[in-house]
Amino acid sequence: MNNPNEVEILLVEDNPEDLELTMRALRKAHLANRIQIARDGEEALEFLFCEAAFSGRSIKNMPRVVLLDLKLPKIDGLEVLRRIKRDPRTRTVPVVVLTSSREQNDMIESYNLGVNSYIVKPVNFDHFLEAVQNLGMYWLLLNQHPEVGE
């Protein structure tokens with residue numbers, strides 16, 4: 001039985017247009033049922049670590065994947081990634097960087113921190129739809145993930 005409190009995707013995106021495009025792509029692939037949106041890095045960390053407005057959430061209910069933009073207000077995406085991969089409670093949560101940054105340093109740093117995948121957002125809308133649908137299908141349907149312990 002599925003827990004209604006379970007979130008399958010944590011989408012961390014501050015750009016309203018990119019957020020809408022990503023949601024549209026996920027809906028089109030029928031993958032938009034249980035998504036939590038965080039509009040900055042601080043909100044993403046509060047959700048993952050069950051703090052502030054999310055203090056009633058169980059840390060055992062981790063998302064199946066985090067889609068993370070790098071250029072975020074308050075706390076940037078690289079710092080969010082660093083904190084996710086540093087903490088034993090969240091280390092195994094798959095993180096996919098979905099960003100417009102083609103900077104080699106961002107890519108290298110993301111992989112050094114343990115990112116599972118780094119995807120540059122395609123400029124072409126159809127290519128963007130296809131990329132988001134494919135990553136959703138892979139991480140939600142094909143990828144096997146260990147259960148989060150206590």
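Here the side chain of D76 pairs no donor or acceptor atom with the backbone of L72 at under 3.5 angstrom. A donor-acceptor pair is defined here as one N or O able to donate and one able to accept, closer than 3.5 Å; no such pair exists between the side chain of E109 and the backbone of N105. With hydrogens and angles ignored, the 3.5 Å screen pairs a side-chain donor or acceptor of R91 with a backbone N or O of K85. For R57 (side chain) and F47 (main-chain N/O), a donor-acceptor pair under 3.5 Å exists by modelled atom type. No donor-acceptor pair under 3.5 Å is formed between the side chain of D14 and the backbone N or O of D40.
Inter-residue side-chain proximity for L26 and T22 is flagged as met; some heavy-atom pair is nearer than 4.5 Å.
A salt bridge links R83 with E79: at least one charged nitrogen is closer than 4.0 Å to a carboxylate oxygen. Salt-bridge check for E13 with K71: failed, with every basic side-chain N at 4.0 Å or more from each acidic carboxylate O.
A search for side-chain hydrogen bond (donor to acceptor under 3.5 Å, both in side chains) contacts involving D87 returns R89, not counting sequence neighbours. K28 pairs by the side-chain hydrogen bond (donor to acceptor under 3.5 Å, both in side chains) definition with nothing, not counting sequence neighbours.
Of the inter-residue distances, the one linking L68 atom CG with T99 atom OG1 reads 8.5 Å to the nearest 0.5 angstrom. Separating the CG atom in L45 from the CD1 atom in I84 is a distance of 6.5 Å, to the nearest 0.5 Å. Between the OG atom of S100 and the CG atom of D18 there is a distance of 7.0 Å, given to the nearest 0.5 Å. Interatomic distance, E46 CD to E51 CD, rounded to the nearest 0.5 Å: 6.5 Å. Summarising the geometry, atom CG belonging to L11 is positioned 9.0 Å from atom CZ belonging to R39; distances are rounded to the nearest 0.5 Å.
Side-chain heavy atoms closer than 4.5 Å link hydrophobic residues (I, L, V, M, F, W, Y) into clusters, and following such links, even through other members, never connects L98 to I108.
Residues A44 and L10 approach most closely at O-CD2, 4.1 Å, considering heavy atoms.
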Legend entry - Test log, rule side chain to side chain contact (heavy atoms under 4.5 Å, CB included), inputs E8 and V65: CA-CA 7 Å; E8 291 185 321; V65 65; over 6 Å; no
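Pairs engaging residues 57-91 under the ring pair (Phe, Tyr, Trp, His ring centres under 6.0 Å) rule: none recorded [sequence neighbours left out].
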